Amino acid sequence: MNAILMASLAAVGFSAASLLALLGGELEARGRSYAAAFAAGILLALAFVDLFPEGLELGGEAAVAGFVGGFALLFMTEAFTRAHTHHLPDEHVHKHALGPFVLGLAVHNLADGFVLGVGAKAGAVASWLVGLGVLVHQIPVGISLAAVLIAARVGRAGVMRAAVLLGLAIPVAAALTVAFPAPGEGTLGLLTGVAGGVLAYIGAAHLLPEAQAEDTNRLAGIMFVATFVITAAGLIALPHFG
């Protein structure tokens, strides 16, 4: 149930950020940079210290294939749909490009829900941390959605509908992943590897560039390193106290 709860919170964060941007409110650049640095530290630590090693233990080489596949899948999805998270309100967008963009965000949000579901199914001690990282990550994604739709002159009703439906993709994917019967160790190792690859891509390709967007903002870099190290140390130490 933790996965579905956190997925629902992430959906609320995504949709709320979209609606806030629609109404003209938005996090300032420095605030987005801090949030991205914090989320990147959590998600990259989870990918490399928790999910990938756990996948290797369960599935061996299958986890490596899953990790590479999950990373490549999101990259290819965004390469073909341009569903990245760095869009400005005044950026020119053609309406004919909205279909691929929305499809890409749908795949992206479904992947986030899948990661939450796999984390819960694998019994990872960091399932709440996955949820926290995904929640923070979804805020700039929601803002990006609103920015693109506004630039394409989509009406407010259309922005609201897209924000709600794309937000729902997260808990739906999490619930479906949790609902499936528990797979064997090999399959679970593969899925855990995929989840690690997805988080690694989100952290490296989305969040770190956002954290570094302000050239003079060294505090964001310090925040990333501190969050990454503390999260990694916690993930290493926690099993010894279980």
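This one's a predicted model, so the numbers in the text were calculated from it and none came from an experiment.
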Would you compute the distance between atom CG of L188 and atom CD of E57 and round it to the nearest 0.5 angstrom?
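It comes to 11.0 Å.
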
Atom CG in L165, atom CG in N109: separation rounded to 0.5 Å?
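Here the rounded value is 11.5 Å.
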
Under 3.5 Å donor-acceptor pairs involving side-chain atoms of residues 219-235, not counting sequence neighbours:
from : atom 1 : to   : atom 2 : distance (Å)
T227 : OG1    : M223 : O      : 2.7
T231 : OG1    : T227 : O      : 2.7

State yes or no: do [X] and [Y] share one hydrophobic cluster built from I, L, V, M, F, W and Y residues joined by side-chain heavy-atom distances below 4.5 Å, directly or via other members?
X    : Y    : value
L199 : M76  : yes
V107 : V164 : no
F75  : L43  : yes
L110 : F71  : no
Y201 : L208 : no

Please give me the minimum heavy-atom distance between [X] and [Y], naming the atom from each residue.
X    : Y    : value
P171 : A7   : CA-CB, 3.6 Å
A11  : G167 : CB-O, 3.0 Å
P53  : A47  : CD-O, 4.2 Å

Checking T192 side chain against L51 main chain: does a donor-acceptor pair fall under 3.5 Å?
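Absent.
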
Donor-acceptor check, side chain of D112 to backbone of I170, threshold 3.5 angstrom: yes or no?
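Looks like no, no N/O pair under 3.5 Å.
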
Which residues satisfy the side-chain contact (heavy atoms from CB on, under 4.5 Å) test with [X], sequence neighbours excluded?
X    : result
V198 : L74, A111, V115, V194, I202
F52  : L56, V64, F67
A175 : I4

Could you work out, with ring-ring contact (aromatic ring centres under 6.0 Å, His included) as the rule, every residue matching F114, not counting sequence neighbours?
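Checked F114 against ring-ring contact (aromatic ring centres under 6.0 Å, His included); zero matches.
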
Quick one: hydrophobic cluster around L176, which other residues, with the 4.5 Å side-chain cut-off, linked directly or via members?
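So far as hydrophobic clustering goes, L176 is joined with V172.
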
